[in-house]
Amino acid sequence: MIAIANKFRLALVSLKHAPGFCISVLTTLGITIGALICMFNLNHLIYVKSLPYPDHDRLYVAQGESYNKNEMQLDGYHLYPIAELLYKKQDVFEHVSIMHFEEQLITSISGQPKLNVTFTTSGLFTIVDAPMEMGRPIAATEDLDARNPVAVISYKTWNDYYGKRPDILNQKLTVGETSFSIVGVTAKNFSEPELYSIGRKTAVWLAWDFNSIPESNREGWQSWSPSLLVVGKLKKGVTEDQANQQLTQLTNTEFKAQTIGVGWLKEGSIKVRLESFESAIVGDNYKTVMMFLLGALALLLIACANVSNLFLSRTAEKFREYAIRATLGATKAHLFKHVLYETFVLMFLSSMLGLVVAHFGFELLKTHAQEQLPRINDLSINFVTVVFAFSVAALLASFFSVIITNMIKYRRLNSSLQSSGKGSGLQISAKVRSMLILSQVILASLLLTGSFNILKQSLGVINQAAGFETENLVHVIMTTGAQQTTRPERIQMIESIKKKVLELPQVRDISNSIFAPMQTNNFVSLVTKELSGNEKNQANTNMIDHQYVPMFGLELVQGNNFNQENIRDSAKMVLVNETLAKFYAPDGNALGMNVFWQSQPEPYKIVGIVKDIYIPRTGVTSRVYLAGSSSLSFVIKLKDNHDLTKNELIDLVSQVNRNIAIYSFIKVDDAYKTLLARDIAIVSITAAIAVLALFLASLGIYGVLSYSIKLRRYELGVRMSIGACPKRIAKVVFGDYSRPVMLGLLLTMCITILLYAWSLNTDSFAIELIPSMLSYVLVVLTSAIACALSLRQIIWARPITILRGE
Amino acid sequence: MSNVKIRLEEITKVFVGEEMDTHALKGVNLSIYDGDYISISGQSGCGKSTLLSILGLLDMPTGGKYFIEDHDVSQLTLTQSAEIRNQKIGFIFQQFNLIDELSVFDNIALPLNYSKTSYSQTQIAERVQFCLDKVEMGHRAKHKPNQLSGGQQQRIAIARALVANPAILLVDEPTGNLDSKNGDVVMEMLAKLNEEGTTICMVTHDPRYATMSKTQFHMLDGVLLDAEQARLAG
């Protein structure tokens, strides 16, 4: 034991004499191992680590699917009566729960914050075995039709809005017109399953009965909602297929029975498909996190190539020491052990540094990618992470030791001292040197090509013109709370609000319209070409006034905008976008054609066609705009360099009606940028990887060229001693190294062309010329600079210092 | 008297160290004439290799003047030094200093490739072959240095030193890495070259080989002594 400790001490002493080498290795591997640990942990969490709920493998979301004939119309949507039917009549789950996800103004809290609210039955708390800080969860006796207004708040809500007051239980919490009694606070360590969307944390759970779904939708068979969820714990012995079959039969039978006589639903059907909690939480991110892991592995690979070169360089320097050891009787195994102690010390320190880097990486991910990547809050340095980090250290130490020991060439070592003076020390052939440079150039240029292409693609998404204006626009949704209003009253209220708002000096215009353009999927309806026709199109639907089109700068490509009379009369006319126009008239003019809604016999005439707009990550969808709205939703256009605050607006509208509250106040530009958040996160991560790749590539190319030139130092000294001038030496070296660099680039180009050919057949990734060329130019420049820097020490020195190896 | 090929006037060389400076050469004066064959011997660390490095323009003196064929070469740029080395000086090292990756032919042709004078491939081939024949290695042109014995490698080094018709051959411990048989062969070859008119300056620690030169010098603590001075100094 003491002997081993002594060996490690000697290794540390030896390394202390090579601070530059140690810093280069530790920096290169510390950063890359850190990145690898981050991505390993994320993948471990998503692919391997079970969800922190009992019997997690029996937890499922019952996803609703809607079909017309055999064609799927909607996936992940539920009808309210179907959700309740599943809750009441299912026989496959031990525990079941229905949930509706909303955002609600909590009027009993100062400032009336809008918080994430989940209306739920008691089953959710049982299924996930939610730990409580105090009180209790919602009870089974408070489920369907109990009409018992109880609330459970999260630890964060208790902390943020109630200052952790100990008497929180039985306090009142008001949402809309209902006053809820707080019965419990979830524990700080409760990890809520993010089933609705990544990063959504519920602030308040409320009893199911009080959800805000309108009465008409509760009984209707045509209102599908994506924010309704049915979850359950499968009974032991029931398979997923059996459950799918039973639940589909239960729901579809009821659906068919309830929709008899509805013409457009005569060939409709519904299915229920169980999706595991894991799959529902991770969504389509399996591939993304795996790509990140592969990226981190590629970085480690290039780092290893760099570090190999540094080790080769150090071995060249220590060759004489190894030769002396060999003459004193050291066997190949002795030398391997000697090298292993040194590499292990370095790799161990690199892994420690990697753990520190990973810790900061976790914090960065939690700050910037919480809403983009699943289960990010569960990331931490744990036992598995530490084992992984030290396994990587052990693996790398063995790998580098084998490389170094093989390079030493034991037989030659023995004879090198005997024939002192012959040759130039460590014999590494020009071929091996060229191969090192070649592999380094290929690795570096491929990594840069990949990084730059991803970067360009994401920048393309960010920079893609939206096709509508976003600046100086505010989208506002108001509510009258408990006050019920008739349509004429609302229209009167709308006019009064418009008039008041226009009195504000900073306001240029106001439009009474339901949605801003980027709010897609909020209201989707099925439109047909003919009454009860079979050719249907799922279109984003909006109700707008005549101000909407000019306010958002939408371009009318044909026909006309609505006028004031159209809006006043709620005329049966629509504007459609180019995509929907093509559905109606693939080769001709859609102007004047009729649009039908499945449940309405009256046609709406197309009076104008607007240019398609682009929404990040959604792309271009069919859009239809109806004339006139009676909802309290507005878009306010501000004058340049002016601002409007929510409080200003609250004061203003309270002059119209004291009951009006601001439900939503969103700056359109901010909302649009939020849509880009994922791409901005990807751009940031990719930019960081690209910078790291460039740094590693530069370091690697410098390392290999510097090492290679160091090996040639003696040879170059000989050339100088027989009359080669500095320019000549530079020419020789640049000439020699340009061959493997150019060959490496040529091979990279071939690989890129193959990738390009592959990318033509896939939508997932596109290889482009400019970013690829940029990476080649950078590699050539880096190689030239690395070569010049390495040569500088030789060509400006006196030949004798080179020959003496000083 | 023959023409002066090389003249050193009060040459000094100081190596500056962290704790102390080392005076390797202390005012060396030396003239080497056309057709001369001089040897410089002395104990290890006396400064003989430093002197040879300065003579070969591999290093620059700290002080004093250095003339080659009456041209002052004491303060040349690196490029100018390289040109003079290429045109005027032929080097033979103790460690042969052949480039492992080049063939014997290419090693010998190197000085011609670095020359300002442009040589055709035929001229290079003729010149290399002539030198190879001179050292009796004509049949080894295509071999690599590591395929040759030490004595053969040194003969190739001599051929390389001769190929550009230098004004002087500077020879550093030519037999240091050779057995006595090969050492004798090399020394005989140098003597023959001198008989044919080549000017030679040789550094050696072997008194037996030093006596083969026409003029012997002895180096003692950075000071160059002629045979008489050396005898008096004991």
Side-chain angles (χ1 to χ4, degrees), chain A residues 316 320 409 411-412 415-434 708-709 711-733 735-737 739 791-806, chain B residues 13 15 49-50 52-60 76-102 107-116 144-146 148-150 153-154 157 160-161 163-164 166 170 172-173 176-178:
Chain A
R320 191 170 169 77
K409 290 193 171 46
R411 282 174 191 279
R412 199 171 286 173
S415 59
S416 68
L417 280 187
Q418 295 162 17
S419 60
S420 171
K422 279 188 184 179
S424 55
L426 185 61
Q427 296 291 311
I428 292 180
S429 69
K431 201 173 164 186
V432 172
R433 292 201 307 261
S434 292
S708 187
I709 288 171
L711 285 180
R712 293 184 66 179
R713 193 179 162 89
Y714 199 73
E715 174 218 321
L716 296 175
V718 171
R719 286 179 189 268
M720 288 162 85
S721 72
I722 55 177
C725 61
K727 202 172 148 189
R728 193 87 196 195
I729 294 288
K731 205 172 158 186
V732 167
V733 172
D736 285 355
Y737 293 137
R739 277 189 290 276
L791 257 183
R792 194 174 51 121
Q793 296 169 340
I794 292 179
I795 56 176
W796 300 120
R798 291 285 164 195
I800 192 67
T801 60
I802 307 298
L803 287 172
R804 282 184 189 147
E806 291 169 354
Chain B
K13 180 71 184 177
F15 293 106
S49 289
T50 304
L52 201 70
S53 297
I54 288 171
L55 283 170
L57 293 176
L58 296 178
D59 203 357
M60 300 302 280
L76 297 180
T77 63
L78 287 168
T79 306
Q80 288 166 334
S81 299
E83 281 172 19
I84 302 279
R85 269 200 308 276
N86 182 254
Q87 292 163 16
K88 306 285 184 189
I89 297 165
F91 258 109
I92 299 166
F93 299 94
Q94 177 183 359
Q95 296 175 359
F96 325 135
N97 286 350
L98 298 175
I99 294 172
D100 292 345
E101 286 157 18
L102 301 181
N107 262 292
I108 297 171
L110 267 183
L112 301 180
N113 292 329
Y114 295 147
S115 173
K116 280 181 96 174
K144 288 280 175 69
N146 55 17
L148 305 176
S149 70
Q153 288 193 49
Q154 193 60 300
R160 185 179 66 184
V163 77
L170 298 178
D172 186 8
E173 301 277 12
N177 278 336
L178 301 176

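Values below: every heavy atom of this structure, side chains too, minus hydrogens, waters and symmetry copies. First the proteins, then the strands, lettered A, B, ... as listed; each starts at 1.
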Does any non-hydrogen side-chain atom of Met720(A) lie less than 4.5 Å from one of Arg798(A)? no
What residue in Thr77(B), Leu78(B), Thr79(B) has the most heavy-atom pairs under 4.5 Å with chain A? Leu78(B)
In terms of heavy-atom proximity below 4.5 Å to chain A, should Ser81(B) be classed as side chain, backbone, both, or neither? side chain
Does a side-chain heavy-atom distance below 4.5 Å link Leu110(B) with Ile99(B)? yes
Test side-chain contact (heavy atoms from CB on, under 4.5 Å), reference Phe91(B), set Leu58(B), Asp172(B), Asn97(B), output is Leu58(B)
Any Arg719(A) side-chain heavy atom under 4.5 Å of Val733(A) side chain: no
Counting only non-hydrogen atoms closer than 4.5 Å, does Ile84(B) touch chain A with its backbone (N, CA, C, O), its side chain (CB onward), both, or neither? neither
In terms of heavy-atom pairs under 4.5 Å with chain B, which of Cys725(A), Pro726(A), Ala724(A), Ala797(A) leads? Ala724(A)
